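Encoded as structure tokens, the structure appears first; notes follow it.
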Amino acid sequence: MTRKPTFKGRKMLAGIGIAFSLVIVGCSSTPVAAPTPYKSASTKAGYGYSSEKLSGSEYKVLFKATDKTPADKVQQYALHRAAQIAQKQGYSYLSIVKTNVDKKPVLAREIVANNEKPAAFQIDRQCTMSGCEEVAQPMSVPNSSDVVKTQINDIYFTIVVKMANDMASVGKNAFTVEEVLAEPLETKGSN
């Protein structure tokens with residue numbers, strides 16, 4: 001026979017659940033000072049791509065990244081996302097109508113590698129009635145990598161793109177959706 005939790009027990013479980021959620025959100029709300037991969041922004045303030053339809057064939061694509069992400073990658077990610085939207089909407093061409101870059105400073109977490117040799121154990125001599133011997137005393141050893149807070153910039157790269165099925169509608173500087181999507185996002189050996 002299973003017991004149903006009492007009201008007090010359910011209240012305590014709910015409190016533990018809320019506390020656990022806050023801990024997870026608190027840890028994940030601080031950005032990591034690392035390059036941003038190509039991904040969808042999971043929240044409105046998240047890192048990655050997001051888009052908004054402006055008119056029938058115009059979209060605004062935003063790629064939010066840390067300043068640890070190379071600028072050419074941020075531009076490539078935004079254009080790639082625009083090409084994915086164009087393909088989904090049945091368009092063959094797209095052109096960039098407008099670009100905008102904003103930077104906003106934020107505090108982030110960064111893992112800093114420490115290349116110093118760990119401290120050696122301190123050797124003490126302990127003597128008892130049966131004799132003396134050397135004993136290693138434990139000491140705090142510095143960690144080989146520490147998480148520190150650091151100042152970075154969030155990069156907001158926005159492009160407005162116009163999409164069409166004929167090149168004349170979008171101009172001579174148009175990209176073909178097929179070519180943009182054929183370009184690999186990550187080169188071999190990159191992180």
Side-chain angles (χ1 to χ4, degrees), residues 20-113 145 147-191:
F20 183 72
S21 298
L22 289 174
V23 166
I24 290 174
V25 169
C27 291
S28 64
S29 65
T30 304
V32 177
T36 305
Y38 181 78
K39 65 178 184 171
S40 172
S42 57
T43 64
K44 189 173 183 171
Y47 292 87
Y49 62 77
S50 59
S51 57
E52 175 185 349
K53 187 174 187 174
L54 300 177
S55 69
S57 64
E58 280 193 356
Y59 282 79
K60 178 169 70 170
V61 176
L62 166 69
F63 195 86
K64 179 182 174 187
T66 67
D67 62 3
K68 302 289 183 180
T69 312
D72 62 329
K73 281 289 180 197
V74 173
Q75 294 169 11
Q76 181 187 17
Y77 292 165
L79 184 60
H80 189 85
R81 180 58 186 154
Q84 286 178 323
I85 294 168
Q87 183 181 50
K88 187 176 179 180
Q89 299 299 319
Y91 294 112
S92 302
Y93 298 94
L94 63 102
S95 67
I96 299 173
V97 177
K98 181 180 177 183
T99 63
N100 187 44
V101 179
D102 285 325
K103 291 181 182 183
K104 295 182 182 173
V106 293
L107 278 179
R109 295 175 285 149
E110 184 173 26
I111 297 174
V112 179
S145 60
V147 177
V148 297
K149 294 269 185 179
T150 187
Q151 178 85 28
I152 64 168
N153 287 308
D154 280 347
I155 307 298
Y156 297 83
F157 181 71
T158 309
I159 59 173
V160 174
V161 293
K162 185 174 182 177
M163 304 170 186
N165 281 320
D166 62 292
M167 188 179 263
S169 297
V170 289
K172 63 181 179 180
N173 293 328
F175 296 94
T176 66
V177 171
E178 189 176 307
E179 286 176 350
V180 173
L181 293 177
E183 184 70 29
L185 288 177
E186 299 295 328
T187 56
K188 291 185 180 180
S190 69
N191 295 353

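Values in this document were obtained by computation on a predicted structure and should not be read as measured data.
- In this structure, K68 and A34 approach most closely via the heavy-atom pair CB-C, 3.6 Å.
- Taking every heavy atom of both residues into account, G90 and N165 meet most closely at O-OD1, 2.9 Å.
- A distance of 12.5 Å separates NZ of K162 from CG of L54, quoted to the nearest 0.5 Å.
- Qualifying salt bridge (charged side-chain N to carboxylate O under 4.0 Å, His left out) partners for K53, counting only residues two or more places apart in sequence or in other chains: none.
- When all heavy atoms are compared, the tightest approach of R81 to S51 is NH2-OG, 4.4 Å.
- Closest heavy-atom contact between A83 and V180: CB-CG1, 3.5 Å.
- Atoms OH and CE, on Y91 and M163 in that order, are 8.0 Å from each other to the nearest 0.5 Å.
- Environment of CD in E178: sparse, with no more than 12 heavy atoms of neighbouring residues, nucleotides or ligands closer than 6.0 Å.
- Atom-to-atom distance recorded for L185:CG and H80:NE2 is 4.5 Å, nearest 0.5 angstrom.
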Give every donor-acceptor pair under 3.5 Å between a side-chain atom in residues 92-102 and any protein atom, sequence neighbours left out.
{"unit_1": "S95", "atom_1": "OG", "unit_2": "V170", "atom_2": "O", "d": "3.1"}
{"unit_1": "N100", "atom_1": "ND2", "unit_2": "D102", "atom_2": "OD2", "d": "3.4"}

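- Shown here are the side chain to side chain contact (heavy atoms under 4.5 Å, CB included) partners of S50, two or more places apart in sequence or in another chain: L62.
- Using modelled atom types, no side-chain atom of S57 and backbone atom of A164 make a donor-acceptor pair closer than 3.5 Å.
- The backbone N or O of T66 sits less than 3.5 Å from a side-chain atom of T36, completing a donor-acceptor pair.
- Contact detail for A78 and V61: the closest heavy-atom pair is O-CG1, 3.6 Å.
- Every side chain to side chain donor-acceptor pair (under 3.5 Å) that S169 has, sequence neighbours left out, goes to D166.
- In this pair, Y38 and F63 present their aromatic rings parallel. The plane angle is below 30°, not in the 30 to 60° band.
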Show me the donor-acceptor pairs, under 3.5 Å and distance only, between side chains in residues 152-161 and residues at least two apart or in other chains.
{"unit_1": "D154", "atom_1": "OD1", "unit_2": "Y47", "atom_2": "OH", "d": "2.5"}
{"unit_1": "D154", "atom_1": "OD2", "unit_2": "Y47", "atom_2": "OH", "d": "3.1"}

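- For E52, the salt bridge (charged side-chain N to carboxylate O under 4.0 Å, His left out) partners at least two apart in sequence or on another chain are K60.
- With values rounded to the nearest 0.5 angstrom, Y49 atom OH is found 5.5 Å from Q84 atom CD.
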